[in-house]
There are 2 protein chains.
Amino acid sequence: MTKASETKEKLINAALKLISQKGYLGTTTREIARTAGVTELTLFRRFGSKQRLFEELLARHMFLPALRELLPGLGSLSYEEALRTVATRFLLSLKERKPMVKITHSEINLYPEKIRKVYLQFIDGTTVDLARYFQALQKKGLLRGFAPELAARAFMGMLFSYFRTEEIMKGAAITKKMMERDVGQFVDIFIHGTLRNGS
Amino acid sequence: MTKASETKEKLINAALKLISQKGYLGTTTREIARTAGVTELTLFRRFGSKQRLFEELLARHMFLPALRELLPGLGSLSYEEALRTVATRFLLSLKERKPMVKITHSEINLYPEKIRKVYLQFIDGTTVDLARYFQALQKKGLLRGFAPELAARAFMGMLFSYFRTEEIMKGAAITKKMMERDVGQFVDIFIHGTLRNGS
DNA sequence: TTATATAGTAAGCAATTACTTACATTATGA
DNA sequence: TCATAATGTAAGTAATTGCTTACTATATAA
């Protein structure tokens with residue numbers, strides 16, 4: 001039992017790596033098996049088909065919202081510190097899951113419903129959490145009366161595009177220094193806006 | 001001469017449509033030819049190979065910055081009206097080029113350099129133009145002293161993610177009403193920030 | 001020891017697919 | 001009218017690829 005699931009895990013990890021690099025159709029079962037260190041036959045014995053292997057990959061790496069466990073601790077921080085924490089955590093979380101993020105980008109055509117589910121669970125889930133945080137601060141009278149979900153989408157959206165441009169399109173890793181500096185700017189704009197005389 | 005280039009255009013348009021829907025590897029040359037209303041042989045006579053057809057597609061649809069021609073007229077608008085105009089134009093431009101946007105998402109693995117070039121020319125080009133606009137207003141003392149390029153990336157980033165989530169991931173078209181309402185919110189936050197007491 | 005689960009070797013099949021060759025047909029422009 | 005450019009028809013090739021079959025080998029647990 002253990003042996004079989006170890007083999008499955010090796011195959012799924014190999015598939016994750018290869019498919020994120022060359023796409024689902026561009027990756028062969030032979031290649032996945034070789035990368036996992038097993039025979040192609042073993043792949044079919046464990047998963048039955050390439051498609052089901054990919055579906056198990058999606059199910060296993062269907063990631064949870066990245067911030068849920070972060071939110072309770074946010075109350076003790078200043079608004080600015082809280083947003084910086086959220087932004088940093090979100091970007092690091094994207095970096096960790098970069099192969100999966102790439103797959104949601106490139107395979108949406110192939111498995112629209114499944115990929116959409118993976119994507120929305122991550123991005124939208126995270127956005128909902130952040131929106132709740134905004135709402136709480138609005139009730140305390142600290143924030144203006146904007147639409148919380150849309151503001152959350154705006155905040156995550158600028159971070160996500162930043163990640164996408166740097167890590168996926170330019171193919172360059174975001175360094176810690178870059179991240180600190182740029183997150184600081186994003187948070188500053190998000191908090192104070194761009195106009196000289198405040199609201 | 002004219003006949004030949006008409007045929008090429010039909011083939012490129014068919015390829016754009018199909019590849020944006022099913023990916024480069026998921027689209028066959030037979031299918032492209034059939035959709036274009038010609039024989040598969042004609043495709044190979046015009047382009048030599050599937051790869052070169054795709055490369056011509058990328059070259060032809062390598063889009064220019066979406067805002068360049070918009071910028072000169074921005075001076076006569078208020079800051080808020082200007083940003084709303086830029087945002088609306090940017091979103092409409094993304095909608096128009098949705099097949100190409102989808103291709104840049106899904107085929108980055110296959111043609112990293114070429115796709116990167118297409119992407120950066122559009123997004124980064126547009127961002128640079130917007131950054132110049134910010135810089136001009138900063139010199140006039142109207143805007144705070146933020147980093148103009150990063151602010152431009154933040155603004156475009158939230159719009160781009162908004163487009164991506166709605167049109168590509170959710171697969172639903174952004175209506176005019178949605179766009180007006182949401183662009184208004186984005187612009188408001190970008191201008192005034194989220195904090196109750198302005199800067 | 002022995003049954004069972006797991007994996008390997010080897011060979012191959014059937015379908016797909018990018019691409020080719022040979023030849024015939026039609027449209028266009030001088 | 002005639003040369004040429006452009007497209008079509010038909011058949012096929014070589015490579016790839018997901019998946020199968022038949023048989024063997026090894027490790028583990030009762």
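Not measured: the values here are computed from a predicted model.
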For this session: Give me the residues of residues 10-20 of chain A where at least one heavy atom lies under 4.0 Å from an atom of DNA chain C, by number, or none.
Result: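 Result for residues 10-20 of chain A: none.
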
Show me the protein contacts with nucleotides 19-26 of chain C, counting only N or O atoms at under 3.5 Å.
from: C:dC19; atom 1: OP2; to: B:Lys50; atom 2: N; distance (Å): 2.7

How long is the line joining [atom1] of [X] and [atom2] of [N], in whole Å?
| X | N | atom1 | atom2 | result |
| --- | --- | --- | --- | --- |
| B:Lys3 | D:dT4 | NZ | P | 19 Å |
| B:Arg34 | C:dA18 | CZ | P | 13 Å |
| A:Glu6 | C:dA5 | CD | P | 18 Å |
| B:Lys22 | C:dT16 | NZ | P | 13 Å |
| A:Arg46 | D:dC19 | CZ | P | 16 Å |
| B:Phe47 | D:dT7 | CZ | P | 10 Å |
| A:Lys8 | C:dT6 | NZ | C1' | 14 Å |

For this session: Just do the side-chain contact (heavy atoms from CB on, under 4.5 Å) check on A:Tyr119 and A:Val101 with the steps written out, would you?
Result: CA-CA 8 Å; A:Tyr119 174 81; A:Val101 172; over 6 Å; no

Exercise. With a 4.0 Å cut-off, would you call A:Glu107 and A:Lys102 a salt bridge?
Worked result: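 No, no charged N to carboxylate O under 4.0 Å.
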
Exercise. Between A:Arg84 and A:Glu80, is there a salt bridge with N-O shorter than 4.0 Å?
Worked result: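 The answer is yes: the pair qualifies as a salt bridge.
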
Exercise. What's the spacing between B:Thr27 OG1 and B:Lys50 NZ if we round to 0.5 Å?
Worked result: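 NZ of B:Lys50 is found 6.5 Å from OG1 of B:Thr27.
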
For this session: Looking at every strand, decide which applies to B:Thr39 at a 4.0 Å heavy-atom threshold: base, sugar-phosphate, or nothing.
Result: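 B:Thr39: base contact, heavy atoms under 4.0 Å.
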
For this session: Would you indicate what B:Gly26 reaches in the nucleic acid, counting non-hydrogen atoms under 4.0 angstrom: base, sugar-phosphate, or nothing?
Result: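 Nothing, no heavy atom under 4.0 Å.
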
Exercise. Is a side-chain donor or acceptor of B:Ser76 paired with a backbone partner of B:Gly73 at a separation under 3.5 angstrom?
Worked result: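 Judged by distance alone, yes, a pair lies under 3.5 Å.
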
Exercise. Is it true that atom NZ of A:Lys117 has more than 12 heavy atoms of other residues, nucleotides or ligands lying nearer than 6.0 Å?
Worked result: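 Open: at most 12 neighbouring heavy atoms sit under 6.0 Å from NZ of A:Lys117.
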
Exercise. Do B:Tyr79 and A:Thr194 get their side chains close enough for a donor-acceptor pair, meaning under 3.5 Å?
Worked result: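 There is such a pair between these side chains.
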
For this session: Indicate yes or no: at least one non-hydrogen side-chain atom of A:Arg196 is less than 4.5 angstrom from one of B:Leu142.
Result: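 A:Arg196 vs B:Leu142: side chains apart.
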
Exercise. Of all residues at least two apart in sequence or in a different chain, which pass the ring pair (Phe, Tyr, Trp, His ring centres under 6.0 Å) check with A:Phe155?
Worked result: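 So A:Phe155 forms a ring pair (Phe, Tyr, Trp, His ring centres under 6.0 Å) with A:Phe190.
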
